[in-house]
2 protein chains.
Amino acid sequence: MANEKVTSIEVAKKAGVSQSAVSRVFTPGASVSPKMAEKVLKAAEELGYRPNVLARSLITGRSRIIGLVVAYLDNQFYPDALEKLSNALQAHGYHILVFMVSNDDDGIDKVMGELLDYQVDGIITASVAMSNALTSRCAAAGVPVVLFNRGQDDVRLNQVTSDNFEGGRKIAAFLAAGGHKKIAHIAGWSGSSTGRDREAGFRAGLREVGLELSVCIDGMYKRDIAAQAARDIFSAKDRPDAVFVGNDHMAFAVMDVLRFELKLDVPGDVSVVGYDDVPLAAWPAYDLTTLRQPSNRMVEATVSTLLGWIEEGSQDVQKIKIDGPLMIRGSARLPEGWPDERL
Amino acid sequence: MANEKVTSIEVAKKAGVSQSAVSRVFTPGASVSPKMAEKVLKAAEELGYRPNVLARSLITGRSRIIGLVVAYLDNQFYPDALEKLSNALQAHGYHILVFMVSNDDDGIDKVMGELLDYQVDGIITASVAMSNALTSRCAAAGVPVVLFNRGQDDVRLNQVTSDNFEGGRKIAAFLAAGGHKKIAHIAGWSGSSTGRDREAGFRAGLREVGLELSVCIDGMYKRDIAAQAARDIFSAKDRPDAVFVGNDHMAFAVMDVLRFELKLDVPGDVSVVGYDDVPLAAWPAYDLTTLRQPSNRMVEATVSTLLGWIEEGSQDVQKIKIDGPLMIRGSARLPEGWPDERL
DNA sequence: ATTTATCGTGCATACGTATGCAAATTGAAA
DNA sequence: TTTCAATTTGCATACGTATGCACGATAAAT
């Protein structure tokens, strides 16, 4: 296992030029003559030389590494986003360094420290909140942060979300139009802006049509908690006839409980609506009506915001909300007169 | 956005000691007196100093970065593995740099080049094959490689898989015991060792009990291709009464087609068995009988192999096969006398 | 008190690259 | 041919850290 690293100096020697010449050949935009470039590239090719990104970063101050902090990967929304983020950044010559963190403990601070040790050029947090102290540290280190799919009041923090309030409202309107009278909500984690906004929008939407929430339980974005909530809510005789679940991941658990434990028909007995539109929601086994978070556009906005900060320097802080459509499928009763535009 | 990096020199100045002293305080196992450590740590604390991992790597030759090359993240098996790998490596002070790659084109070579540019200490490939040239380059660079969930003949490559051949055999025995006579296989991609081994084991298992495969189509590990295969196979009047699908991800698509397009009962009309045991397989909507790939143990083996190479230097090449149990659930007919140990 | 061993510290250098500056080369214009 | 500008090249240094070496301090042993 010969550990033979080829350096620019060896290439220079072989090509009979200076080390700086080699460096310039591999630095886009530097001034080099064609024949010099040819000589160097030939030597580099023969020796198998490639510039050391880490050494380069020491000089340039850019590592071309983006730190991604993420809590869950079992909710399909996040691997999907990770894949898209990674592809988008890869196209710009950046790569993602992954940091898993549990949302409940305060390991976030520790992990963030490690993150900064790697001199990342930027940070994306997916479904993770930032403490004030952390935000300050990142600001002091000059590392831009974008919150993906989570909002926070701090004026220093960029964020990209769907329009969660409006999304909740749309769902309320849809369920009301469907003639549902007794409506439940198994909410997203109340410790998250997404969870709170969806709930607030949903309540507002119901209020607009003279309805109010019959029962509301915090599902914490966890399958088992949501499942238990479903049992609690729908075991009663005078159970609700509709439920909006704070994200698809929980909605699947809720549908499983309704259909296989409580032997209820969806949507005959209960209409179920989720939030996210993960790929699984479109599979016939669930065929879940849900509000789509346009992950493509969210990723796009995240990447362009982050690269803007990194490559152009200080920018305006972005608080981007992207509107998403309600994907009407088979898990909720279709209101009279609504076009059946099932997808 | 003040870009103020604190260096060991500034800490040294503040603490009234040399830069080397600061370095030693932050280098585990170095020789420092308690009072020196105290002074330095105090100064570091006040300035918010943290060692620059990249600069350190230039000296030590270790980046504490592991490159992960992965093709799919829509098959739940991989995000699950990614999460576990990341957690395990994080516990050892390593982190994962993600590289997405499509399996069909030859972007793998390009991506691998970028990978090595980052001076990664090791590489894990998940469901991705290595070309000979690549293997040589990694060997030359002294970077150990572990193939996760894929095998390859090259004697230089470590690999961790489940016992795919034996797994295929177990499934054959199970379906045969269930009295199935006409058995189909929608195989994993024939370009992958996992796909080939599972199919070979399955065929061998059938042969042992005097059966043979009725029909076999390569599903390429893709949902849509598997779905089309299911349509082709099960539309006929004399359709098979059982199918082994090369992984769970495809098996879900197959079940969807069987139940919702062809209106067949599973397992009444057709028994379906998958491979992987991703979390979704246990959800009641699918309740899929499947051969479990013990991802915990596979991750453990992967990490310890990799760290062995990195921290102890050259080792024996490991070709690890981990045996997994058949998870008996509701998607396949239960043979008489078999304990119903549904999980 | 003297010798010897042990430990802690500072000095200097190295890791692999990028870049300001000045020298050298090229080419065009006169 | 000469002059001048434009371009290309090499030299030297810097990035932030780790570590071999030699020296000084301290403790232990005689």
Side-chain angles (χ1 to χ4, degrees), chain A residues 3-41 43-44 47-65 93 114 116-121 141-142, chain B residues 3-41 43-44 47-65 93 114 116-121 141-142:
Chain A
N3 205 323
E4 37 180 83
K5 308 273 181 198
V6 182
T7 76
S8 58
I9 297 184
E10 305 176 45
V11 175
K13 202 167 298 170
K14 173 141 189 164
V17 299
S18 74
Q19 179 270 326
S20 2
V22 177
S23 169
R24 279 186 250 264
V25 170
F26 286 92
T27 304
S31 149
V32 238
S33 68
K35 64 170 185 282
M36 161 105 296
E38 190 196 5
K39 268 194 301 186
V40 170
L41 287 174
L47 294 175
Y49 169 78
R50 307 216 50 181
N52 180 329
V53 175
L54 269 37
R56 169 180 289 172
S57 80
L58 203 50
I59 296 280
T60 61
R62 318 214 102 95
S63 59
R64 308 201 76 84
I65 296 176
E114 300 177 15
L116 292 174
D117 294 349
Y118 279 95
Q119 313 297 117
V120 293
D121 289 342
Chain B
N3 205 323
E4 35 181 89
K5 308 270 180 199
V6 183
T7 76
S8 59
I9 297 185
E10 303 175 44
V11 176
K13 203 167 296 171
K14 174 145 191 164
V17 299
S18 74
Q19 179 269 327
S20 2
V22 177
S23 169
R24 278 186 251 265
V25 170
F26 286 92
T27 304
S31 150
V32 233
S33 69
K35 64 171 183 285
M36 160 105 298
E38 190 195 6
K39 267 194 303 186
V40 170
L41 287 174
L47 294 176
Y49 169 78
R50 308 215 50 181
N52 179 330
V53 176
L54 268 35
R56 171 180 288 172
S57 79
L58 203 50
I59 295 281
T60 61
R62 316 214 102 91
S63 59
R64 307 200 76 84
I65 297 177
E114 299 176 16
L116 293 174
D117 294 349
Y118 279 96
Q119 312 298 115
V120 295
D121 289 343

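Basis for what follows: all heavy atoms, side chains included, without hydrogens, waters or symmetry-related copies. Chain identifiers are assigned alphabetically (A, B, ...) following the order of the sequence lines, protein sequences preceding nucleic acid strands; residue numbering begins at 1 within each chain.
Listed here is the closest heavy atom pair of B:A44 and B:V11: N-CG1, 3.9 Å. Between A:G61 and A:D121, the closest heavy-atom pair is O-OD1, 4.1 Å. When all heavy atoms of B:A21 and B:M36 are compared, the closest pair comes out as CB-SD, 3.5 Å. Closest of all the heavy-atom pairs between A:V40 and A:V17 is CG2-CG2, 4.1 Å. Taking each heavy atom of B:A55 and A:L58 in turn, the nearest pair found is CB-CD1, 3.6 Å.
Not a single side-chain contact (heavy atoms from CB on, under 4.5 Å) links B:I59 to another residue, sequence neighbours left out. With sequence neighbours excluded, the residues satisfying salt bridge (charged side-chain N to carboxylate O under 4.0 Å, His left out) with B:R50 are A:D117. Applying the side-chain contact (heavy atoms from CB on, under 4.5 Å) criterion to A:I65, with sequence neighbours excluded, gives A:S63, A:L97, A:V120, B:I65, B:L97, B:Y118. B:K14 pairs by the salt bridge (charged side-chain N to carboxylate O under 4.0 Å, His left out) definition with B:E46, not counting sequence neighbours. A:S20 is linked by a side-chain hydrogen bond (donor to acceptor under 3.5 Å, both in side chains) to A:S18, counting only residues two or more places apart in sequence or in another chain. A:E10 is linked by a side-chain hydrogen bond (donor to acceptor under 3.5 Å, both in side chains) to nothing, counting only residues two or more places apart in sequence or in another chain.
First and last contacts of DNA chain C with chain A, using any nucleotide atom under 4.0 Å from a protein heavy atom and ordered 5' to 3', fall at C:dG16 to C:dG20.
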Run the side chain to side chain contact (heavy atoms under 4.5 Å, CB included) test on B:S57 and B:R62 for me, step by step, so that the C-alpha distance in whole Å, both residues' side-chain angles and the decisive distance to 0.1 Å come before the verdict.
CA-CA 5 Å; B:S57 79; B:R62 316 214 102 91; 5.9 Å; no
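Of all the residues in residues 52-65 of chain B, B:L58, B:I59 reach under 4.0 Å from DNA chain C with at least one non-hydrogen atom. Less than 4.0 Å separates DNA chain D from no heavy atom of any residue of residues 28-41 of chain B.
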5' to 3', nucleotides 23-28 of chain D under a 4.0 Å protein heavy-atom cut-off (B base, S sugar-phosphate only, - none) gives ------
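Contact annotation: the side chain of B:P28 never approaches that of B:F26 to less than 4.5 Å [non-hydrogen atoms, C-beta and beyond].
Looking at heavy-atom distances under 4.0 Å, A:V22 makes no contact with the nucleic acid at all. Nucleic acid contact for B:S23: base, since at least one base atom lies under 4.0 Å from a heavy atom of the residue.
Listed by first and then second residue, the salt bridge (Lys or Arg N to Asp or Glu O under 4.0 Å) pairs that reach into residues 20-41 of chain A come to none, sequence neighbours excluded.
Panel note: side chain B:R64, backbone B:G93; a donor-acceptor pair is recorded below 3.5 Å.
Defining each end axis of the helix from C:dT9-D:dA22 to C:dA30-D:dT1 as the rotation carrying four pairs' C1' atoms onto the next four, with five pairs an end, the two axes are found to diverge by 40° to 10 degrees.
Where B:S20 and A:S20 each meet DNA chain C at their nearest nucleotide, the meeting point lying more 5' is that of B:S20.
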